[in-house]
Amino acid sequence: MIEDKTTQASEKEHLNFIHQIIEDDLNTQKNGNRVHTRFPPEPNGYLHIGHAKSICINFGTAQKYNGKCNLRFDDTNPVKEDTEYVDSIMEDVRWLGFDWDGLYYASDYFENLYKFAEKLIQKGKAYVCELSQEEMSLQRGTVTKAGVESPYRNRSIEENLDLFRRMRAGEFADGSRVLRAKIDMAHPNMLMRDPILYRIIHAGHHRTGNKWCIYPMYDFAHGQSDSIEKITHSICTLEFEVHRPLYEWFIKELEIFAPQQIEFARLNLNYTVMSKRKLLRLVQEKRVFGWDDPRMPTICGLRRRGYTPESIRRFAEMIGVARRDNVIDIGLLEFCIREDLNKITNRVMTVLNPVKLVIDNYPENEVEYLEAGNNPENPEAGSRKVPFTKELYIEREDFMENPPNKFFRLKPGGEVRLKYAYIIQCESVVKDESGEITEIHCTYQPDTKSGLPNSNKKVKGTLHWVSAKHNIPVEVRLYDRLFSAENPEEVEDGHDFTENLNPESLKISTAFAEPSVKDSKPGDKFQFERMGYFCTDKDSTSERLIFNRTCTLKDTWAKIAEK
RNA sequence: UGUCCGAUGGUGUAAUGGCAGCACAAAUGGUUUUGGUCCAUUUAGUCUAGGUUCGAGUCCUGGUCGGACAACCA
């Protein structure tokens with residue numbers, strides 16, 4: 001029976017288009033039985049949820065076909081890159097649950113790439129150009145008009161070789177010369193109009209220091225790096241699609257191993273900015289507390305917020321892989337984290353906005369320690385004892401003096417259960433001079449205690465509570481979307497995406513938690529009854545407990561109340 | 001007024017010429033010591049016009065709409 005089910009499941013398994021290409025290649029033995037992918041970030045920023053998709057595709061595909069996956073840093077532009085980013089990228093990839101087979105840097109290949117460039121010069125396929133940036137831009141033409149050829153295009157091989165070697169030797173100033181491929185200035189693909197291969201940058205590189213003053217462009221580095229590592233399938237995002245003819249041109253002219261570039265549509269999320277440049281701006285302008293601000297879509301931000309690697313991998317699996325543009329609803333990511341957290345987190349009672357509840361017929365100094373199950377989804381999670389006393393705090397919003405019909409919680413004369421404890425009935429309320437309720441007085445029914453035979457009595461509502469004496473004040477940080485616009489990057493001309501920032505994206509307040517949270521360590525995750533999933537912040541200490549709200553629970557009551 | 005790519009429910013993704021399926025969202029009902037969770041049910045889709053074929057979401061042609069490309073960024 002069970003076997004049948006699993007067989008059916010594997011038969012029904014849908015292959016995405018990348019898997020299909022790979023299976024075709026495996027069937028034709030294009031690369032033997034080899035599948036080798038790579039994840040190639042530029043170390044110029046922190047990884048975000050969009051990279052997570054790419055990581056899951058590259059590492060996941062390799063795993064699926066018993067292949068290998070490299071981590072390669074595309075570090076060909078020294079002015080933007082830094083080891084801070086290298087370190088964070090390695091940490092984030094590992095945290096997501098992946099490990100690389102080879103760890104490489106494009107800068108490992110600077111010497112190889114230099115030799116490739118000389119080879120191209122010797123074949124008459126590359127030349128040193130002295131046009132200024134502006135001139136070159138003008139001569140490139142437009143998408144509808146052919147470009148014109150550079151006056152330096154037909155220099156002799158010897159002259160080109162000499163000039164290129166002197167470029168490397170540091171004889172020339174930044175921007176004075178570049179090495180270009182000699183392809184076709186009238187090519188309909190702008191990238192094929194004599195693209196730049198090398199530019200002069202007199203700047204220290206985070207790994208090669210001052211060894212080089214000429215650096216290869218992305219196009220001249222990426223495909224060749226793939227080739228050197230014998231990558232079989234070079235999976236990247238759609239914006240590199242127009243680069244593929246150039247990628248293949250270099251491989252062909254250089255007569256080296258030919259990986260296959262395959263493009264997929266990058267991840268877009270509504271209410272989310274994913275551009276590295278813009279995220280960097282948010283950090284630099286201190287709109288957020290840093291790259292790992294829990295509101296950021298970065299991997300480290302999500303981690304601090306309380307997301308689990310499992311939930312992110314599950315998300316990547318659910319959104320799939322295709323070539324059409326997409327905008328995923330952020331609700332799907334929230335579904336994934338709720339699904340995971342619901343299974344693994346222990347429940348804890350925490351009152352966010354307290355109002356005092358007094359049980360008039362409960363003994364004055366009595367303290368009962370009530371048995372509370374940690375996780376109804378997982379009986380093995382065990383239980384804890386929660387102190388119960390005459391005076392409690394409950395959520396202010398759990399009591400309504402003039403409730404609508406479908407209000408299940410506490411109201412004058414009404415009955416509710418206090419979770420793990422007794423059924424109580426509301427007798428009266430005390431108000432201050434401004435009319436605000438300061439105390440709710442109730443009576444309890446001793447025989448309805450949880451676990452007792454008579455505890456089966458049905459009531460509509462169940463409330464969480466903490467003892468007014470035995471509780472721990474903690475700091476809770478409630479997050480909302482960083483941007484209030486569905487497409488935050490879409491702004492009118494002359495306006496800026498930061499105008500779409502949500503001023504209400506972070507609220508900090510004090511809450512009263514049951515004593516069991518006292519020993520929580522940074523990274524610990526809980527479900528605070530009805531208030532959502534929370535994660536102990538990295539700055540939390542035993543003197544000052546801080547909790548980040550990962551996400552709320554699905555709140556159906558809000559919808560009912562609207563009607 | 002170029003080249004390339006894409007178009008399947010509200011969203012995302014399958015169906016490789018043969019019953020348009022899955023997930024999220026939405027709606028309804030059931031269970032429930034929190035209105036959460038869990039379970040069941042329902043709503044809803046092949047951009048368009050032709051063609052090939054016994055049969056087209058799939059192949060061909062035209063159109064429409066959307067995206068990418070003119071950095072010494074990746």
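Each chain gets a letter, A, B and so on, in the order the sequences are listed, and its residues count up from 1.
As judged by a 4.0 angstrom heavy-atom cut-off over every strand, A:I560 is placed among the base-contacting residues. Backbone-only engagement by A:F335 is indicated by non-hydrogen atom pairs under 4.0 Å involving sugar-phosphate atoms exclusively. Backbone-only engagement by A:V321 is indicated by non-hydrogen atom pairs under 4.0 Å involving sugar-phosphate atoms exclusively. The residue A:F407 sits close to a base: some heavy atom pair falls under 4.0 Å. Here A:R338 lies out of heavy-atom contact (under 4.0 Å) with every strand. Using a 4.0 Å heavy-atom criterion, one finds that A:V79 contacts no nucleic acid atom at all.
Spacing between B:U33 and B:C24 at atom C1', rounded to whole Å, works out to 29 Å. B:C65 and B:A56 are spaced 28 Å apart, taking the P atom of each and rounding to whole Å. B:A7 and B:A74 have their P atoms separated by 31 Å, with the value rounded to a whole Å. Comparing the same atom, P, in B:G29 and in B:U64 gives a spacing of 48 Å after rounding to whole Å. With C1' as the reference atom, B:G21 and B:U28 are 23 Å apart, rounded to whole Å. Across the C1' atoms, B:G6 and B:G57 are found 15 Å apart, a figure rounded to whole Å.
Between A:G331 and A:D398, the one whose closest nucleotide on RNA chain B sits nearer the 5' end is A:G331.
For the pair A:N16 CG and B:A23 C1', the interatomic distance rounds to 16 Å; values are reported in whole Å.
A donor and an acceptor atom never sit less than 3.5 Å apart when one is taken from the side chain of A:T144 and the other from the base of B:U1.
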Just by protein heavy atoms under 4.0 Å, how would nucleotides 38-48 of chain B read 5' to 3' in B, S and -? -----------
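If you check the side chains of A:E415 and A:Q445, you find a donor sitting under 3.5 Å from an acceptor. A donor-acceptor pair shorter than 3.5 Å can be found between the side chains of A:Y109 and A:E229.
Side-chain atoms of A:Q260 and A:I262, non-hydrogen and from C-beta on, do get closer than 4.5 Å to each other. A:L341 is listed as a side-chain neighbour of A:T550, based on a closest heavy-atom distance under 4.5 Å.
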Distances for protein N/O vs nucleotides 72-74 of chain B N/O pairs under 3.5 angstrom?
{"residue": "B:C72", "atom": "OP2", "partner": "A:R140", "partner atom": "NH2", "Å": "3.3"}
{"residue": "B:C72", "atom": "N4", "partner": "A:L131", "partner atom": "O", "Å": "3.4"}
{"residue": "B:C72", "atom": "N4", "partner": "A:G175", "partner atom": "O", "Å": "2.8"}
{"residue": "B:C73", "atom": "OP2", "partner": "A:R199", "partner atom": "NE", "Å": "3.2"}
{"residue": "B:C73", "atom": "OP2", "partner": "A:R199", "partner atom": "NH2", "Å": "2.7"}
{"residue": "B:C73", "atom": "O3'", "partner": "A:R199", "partner atom": "NH2", "Å": "3.2"}
{"residue": "B:C73", "atom": "O2'", "partner": "A:N77", "partner atom": "ND2", "Å": "3.2"}
{"residue": "B:C73", "atom": "O2'", "partner": "A:K80", "partner atom": "NZ", "Å": "3.4"}
{"residue": "B:A74", "atom": "OP1", "partner": "A:T76", "partner atom": "OG1", "Å": "2.7"}
{"residue": "B:A74", "atom": "OP1", "partner": "A:R199", "partner atom": "NH1", "Å": "3.4"}
{"residue": "B:A74", "atom": "OP1", "partner": "A:R199", "partner atom": "NH2", "Å": "3.0"}
{"residue": "B:A74", "atom": "OP2", "partner": "A:Y218", "partner atom": "N", "Å": "2.9"}
{"residue": "B:A74", "atom": "O4'", "partner": "A:E42", "partner atom": "OE1", "Å": "3.4"}
{"residue": "B:A74", "atom": "O3'", "partner": "A:D74", "partner atom": "OD2", "Å": "3.4"}
{"residue": "B:A74", "atom": "N6", "partner": "A:H243", "partner atom": "NE2", "Å": "3.1"}

List, with names and distances, any nitrogen or oxygen atoms from the protein found under 3.5 Å away from nitrogen or oxygen atoms belonging to nucleotides 26-28 of chain B.
{"residue": "B:A26", "atom": "OP1", "partner": "A:K559", "partner atom": "NZ", "Å": "2.5"}
{"residue": "B:U28", "atom": "OP1", "partner": "A:K563", "partner atom": "NZ", "Å": "3.4"}

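Looking at A:E241 and A:R323, a side-chain N of the basic residue comes within less than 4.0 Å of a carboxylate O on the acidic one, giving a salt bridge.
In this structure, the side chain of A:R338 engages the main chain of A:T552 through a donor-acceptor pair within 3.5 Å.
A:H464 is linked by a ring pair (Phe, Tyr, Trp, His ring centres under 6.0 Å) to nothing, counting only residues two or more places apart in sequence or in another chain. Partners of A:F407 according to the ring pair (Phe, Tyr, Trp, His ring centres under 6.0 Å) rule, which considers only residues two or more places apart in sequence or in another chain, are A:W557.
At least one side-chain nitrogen or oxygen of A:R324 sits closer than 4.0 Å to the OP1 or OP2 atom of B:U13.
Stems are defined here as 3 or more consecutive Watson-Crick or G-U wobble pairs with pairing distances under 3.5 Å; those involving RNA chain B are B:2-7 with B:64-69, B:10-13 with B:21-24, B:26-30 with B:38-42, B:47-51 with B:59-63.
With distances taken from any side-chain atom of A:E241 to the nucleotides B:C5, B:G36, B:U33, the minimum falls on B:C5.
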